[in-house]
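Reading through the structure tokens given below for one structure.
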Amino acid sequence: MADAKREIERKYEAEPGTRLPDLTAVRGVAAVLDRGVAELDAVYYDTPDLRLAAASVTLRRRTGGADAGWHLKLPVAPGVRDEVHAPLADDVPRDLADLVRARTRGAALVPLVRLRSHRDVRHLVDERGALLAEASTDTVRAERLAGGDGGTVEWTEIEVELADGADPAFLDAVDKRLRKKGLAPSRASSKLAKALDHTGRRPPRAPEPDGTAGGHLLAHLREQAGLLAAHDAAVRRDLPDSVHQMRVATRRLRSAFRTYRKFLDRSATDPVAAELKWLAGELGADRDQEVLTERLTSHVDALPVTLLLGPVRARLRAWSAAGRVRVRARTLAVLDGERYTALLDALDALLADPPLRPAAAGAADEALPAAVLREYDRLAARVDRALALPPGQDRDVALHEARKAAKRVRYAAEAAAPALGKRGKRFTKGVKAVQKVLGEHQDSVVAREALRDLAIQAHASGETAFTWGLLHGREAARADDCERRLPEVWARVTAGKPRRL
């Protein structure tokens, strides 16, 4: 995989000829060092219909400056992006093309805009000479290469990028100083966005919710579909928790289709929901391996050395590595497969021409809460059934089913916010607490299965299985504790459940 770094920056509008204000008055800045002028020449690539720009993703080939090469910028939060670098080459590097595959899906990446920047660079350093941020005054000339009205546009902007490892709060202090000197934050999120805006073509934007149940629901579905594609890149980069977040997006989409079926034509949503279920299942192997490894490692680390009999850590590492390689390869194969691409295409098609039913025209704050309460009734039935069973495998299965129902209630309530108001927030918080207890219980069930397998492997190799048995017993105790706590946590939800949200 190509090199990557976290980019945290602020951009400001400036008039031609503007010079960087004196920033030595900013707390922590001991000196502002002149680092000269760089001439940068960047060509930005996108699909002809601007799929990357619509997702605030930028892909460029740049020469000049200290970091010539290919740069892919993936949004993380306002003013924060992950920048992935690849060496200079004529064509889009395969590593970077793979990271935007969920956006492009086979569409060609073509040169879109050329930006030539005259960059006057300054370094803000502390009293030890350590870099705090790089501030630059950029004079930019943008030329449209494909589509739009063509032509060129020029502007000046000031950019302040936080140094690696520096405190993000430092940019707030710089911002205060620049605003005091009359500079305003840039209205565009990036140079490319500004160039597109001024050279005749903007990327498509989703419509704003209109207050109806259908409008509110579609906004939620579009958000989750966007997150699904965004987490695709994170999974490919093997970022922590990325598989989990991608799996959650698939579940939220599927949950919304099921919970709000009164507002959506099931003949259109059911096939997509079935494929989302398939994808969540494929991602589950990777996620389960990740959770199990973290859980078992933490339990082993917590044991006194006198209770670690045999090569416990070595066996756990070998087990984890073998499982990780297997599931990682499977996950990437799924993301590169035609079935996954077809799912993304089907989801886009559904959102482009949403199959709304007549009930979707109702007001969101009246129509959506009833669907949430129906999911709650399903959860109540499953919890009651599980609590009525004696401890054992049947109860474990029933509690797992209750956990899945709790997730659906939570997802339904979160999809309906802010239509539910403050009562909905309290209700969601209570359901989340129930889900947490049930989740801890299920994690213990899965961990015990893995510990039993590890004990069998250890025994077959002539090692003592003592430590694995000890951990198995502690997991069983954790599960018992969850079962004891569940009635109390559940009672708080039922006591506070409103008649209507």
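All figures in this text were calculated on a predicted structure; none of them were measured in a lab. Positions are given from 1, in the same order as the sequence printed here.
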Between CZ on residue R410 and OG1 on residue T428, distance to nearest 0.5 Å: 9.0 Å

CG on D232 to CG on L344, rounded to 0.5 Å: 7.5 Å

Just do the side-chain hydrogen bond (donor to acceptor under 3.5 Å, both in side chains) check on T152 and E143 with the steps written out, would you? CA-CA 4 Å; T152 62; E143 176 187 359; over 6 Å; no

Just so I know, are the side chains of T47 and V110 near enough to count as touching, which here means a heavy-atom distance under 4.5 Å? no

Heavy atoms from other residues, nucleotides or ligands near CZ of R94 exceed 12 (cutoff 6.0 Å): no

Between R330 and E282, is there a side-chain N and carboxylate O pair less than 4.0 Å apart? yes

Over 12 non-hydrogen atoms of neighbours within 6.0 angstrom of NZ in K73: yes

Thinking salt bridges, do K191 and E159 make one under a 4.0 Å N-O criterion? yes

Test side-chain contact (heavy atoms from CB on, under 4.5 Å) applied to L40 and H118, R60, R62, the passing residue: R62

Which residue pairs pass the side-chain hydrogen bond (donor to acceptor under 3.5 Å, both in side chains) test when at least one of the two sits in residues 347-358, sequence neighbours left out? R105-D348

Kindly say whether the aromatic ring centers of W70 and Y45 come within a distance under 6.0 Å. yes

Among D336, T331, D98, which residue satisfies the side chain to side chain donor-acceptor pair (under 3.5 Å) criterion with R236? D336

Check step by step if salt bridge (Lys or Arg N to Asp or Glu O under 4.0 Å) holds for R252 and E414. CA-CA 9 Å; R252 289 184 188 277; E414 290 173 348; 2.4 Å; yes

